Amino acid sequence: MNSKKKRTIANPNPRNPMQAFHFLRSLSRINLSTAPFHKRCRAIRRAAYASMARSASPNRAWSHAVLYHLHRRRHRPVPEQARCKTDENDALRRLLPGGEAMDTCRLLEETIDYVQRLRTQVKLMQEIVDSVKDDAVHEEKRQKEEI
Amino acid sequence: MQEILQCLNPCSSASNLSVLERQRARLQRQQSFESMNEINNLSFDNLISLPISPQNLQTDQYFCSDSSLKNKKGGSLRKRKAPTVNSGEEEEKEKKMKPDDKPEKFKESGAEAETAAPPLKRDFIHVRARRGQATDSHSLAERVRRERISERMKYLQGLVPGCNKITGKAGMLDEIINYVQSLQRQVEFLSMKLATVNPWIDFNIDSFLPKEVNLACNPSIPTVSVSTELVEPNYFKMNPMHQMATSCGLNIDVNFSDLVIRQSLSSPLTVHDTFLDPSFNVHSSSWDANSQNICDLEFHDQLPLQSLPDGYSPYNLKMEM
């Protein structure tokens with residue numbers, strides 16, 4: 001009955017399939033909800049960061065920070081002692097979750113990891129969107145033909 | 001170390017014989033250390049050892065003349081013996097004739113160091129300290145730190161596209177920040193897009209999973225660890241969807257596990273069967289009733305999806321593969 005073409009997308013990061021897996025699983029769960037658009041939007045975004053963080057190696061501070069924020073649903077609480085550090089890496093610190101309380105060396109390490117995962121996440125999402133669009137287009141065509 | 005200092009002491013007597021003797025002894029020792037040092041090479045090290053040459057005399061004379069000075073500095077002339085170097089001075093220290101701020105590439109320093117002083121042919125392994133600079137552990141640690149930072153910046157330069165021309169740290173930082181911001185914006189944008197396309201997609205998304213999951217499944221180790229993750233899934237966002245889930249979640253989960261079981265029977269992987277059992281038990285009662293509710297969900301995934309118990313606590317931060 002179902003003659004839809006199933007597309008499989010390539011894993012943008014073959015070394016880390018878990019990121020894709022987590023994200024897709026969360027996404028499928030979100031899809032099933034009938035929440036309004038903006039809530040879904042936010043939930044997807046949170047799922048993206050969560051899948052990134054969950055597939056990160058556990059000694060990465062940013063992943064813990066991300067999960068902490070997502071879980072507590074607070075908007076970036078900054079621990080008190082961390083605000084003392086002001087140097088040229090301030091902007092990067094603010095960008096990176098949990099970056100406030102790190103020294104420069106560690107900050108750069110975390111940035112590397114964060115950038116890698118962000119990139120993978122973006123590629124993944126892009127691929128999903130693309131393939132979903134393709135499927136939708138095929139679907140419409142098919143329906144038109146049936147009619 | 002003590003041997004070196006001992007060598008330096010007789011050096012103050014200006015007899016060539018003693019110098020030669022000392023030099024020969026030192027060379028012998030260093031040749032024996034060479035092999036050890038090569039093994040113990042650190043990433044930044046470049047142990048330079050040249051064959052014996054008569055210019056060693058000059059070397060030693062130089063050392064002689066400055067030995068008293070150097071001794072006062074507390075070991076700046078310390079030659080690096082791999083086993084005795086402590087962690088504070090783990091890198092090579094090289095005596096530079098010119099107090100220049102040349103890069104930390106030690107191989108280069110060997111070439112450039114001899115300009116301001118009598119030609120110092122390096123024929124033994126140097127422990128380097130910048131001339132005229134403090135050789136205490138602080139500056140060394142500082143140097144190590146700076147090198148580490150530059151190493152990471154180089155790696156980031158490779159990661160961030162279009163950074164090849166930028167050389168300064170500040171410029172690199174700006175690029176990195178821009179890149180991270182753009183990536184984050186892209187995530188936002190794509191999540192919006194996904195939210196729009198979602199409602200009428202019929203969850204073809206599940207078809208994406210096999211590829212990814214096959215990658216996870218094929219090596220045995222990730223498979224096992226994936227299972228632990230599944231057993232303790234960390235669905236923080238199940239909370240807002242909880243009410244939703246109670247109505248349709250069970251159906252979904254049932255369907256998933258139903259499909260999973262169906263497919264696991266045909267799957268070659270036997271690992272998952274063990275994980276199917278818990279889900280089997282949980283949903284055994286409601287399978288038949290709900291298996292047709294969501295027939296679009298063709299879940300080709302081979303991994304079992306546990307349904308979440310309702311009061312699920314998402315405190316599991318240890319999520320490693």
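Here is how names work: the chains are called A, B, and so on, in the same order as the sequence lines, proteins then strands, and each is numbered from 1. Just so it is clear, the model here is predicted, and its values are computed rather than measured.
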Reported CD-to-CG distance for the pair A:Gln116 and B:Leu156, which is rounded to 0.5 angstrom
9.0 Å
When rounded to the nearest 0.5 Å, the distance separating NZ of B:Lys193 from CE of A:Met125 is 10.5 Å
The interface call for B:Arg152 against chain A, heavy-atom contacts under 4.5 Å, is both
What's the spacing between B:Leu183 CG and A:Arg119 CZ if we round to 0.5 Å?
8.0 Å
Yes or no on side-chain hydrogen bond (donor to acceptor under 3.5 Å, both in side chains) for A:Glu109 and B:Tyr155, after CA distance, side-chain angles and deciding distance?
CA-CA 9 Å; A:Glu109 276 180 33; B:Tyr155 193 82; over 6 Å; no
Rounded to the nearest 0.5 Å, what's the gap from CD on B:Gln184 to CG on A:Leu118? Could you check?
6.0 Å
Could you report the tightest heavy-atom contact between A:Cys41 and B:Ser191, atom names first, then the distance?
O-OG, 3.8 Å
Non-hydrogen contacts under 4.5 angstrom with chain A: give the residues of residues 173-180 of chain B involved, or none if there are none.
B:Leu173, B:Ile176, B:Ile177, B:Tyr179, B:Val180
If you round to the nearest 0.5 Å, how far is NZ of A:Lys123 from CD of B:Gln186?
11.0 Å
In this structure, CD of B:Glu188 is separated from CD1 of A:Ile44 (nearest 0.5 Å) by 12.0 Å
Region of A:Ala91 that comes under 4.5 Å of a non-hydrogen atom in chain B
both
Exactly one of B:Arg148, B:Arg146, B:Arg145 clears side-chain contact (heavy atoms from CB on, under 4.5 Å) with A:Thr104, and that residue is B:Arg145
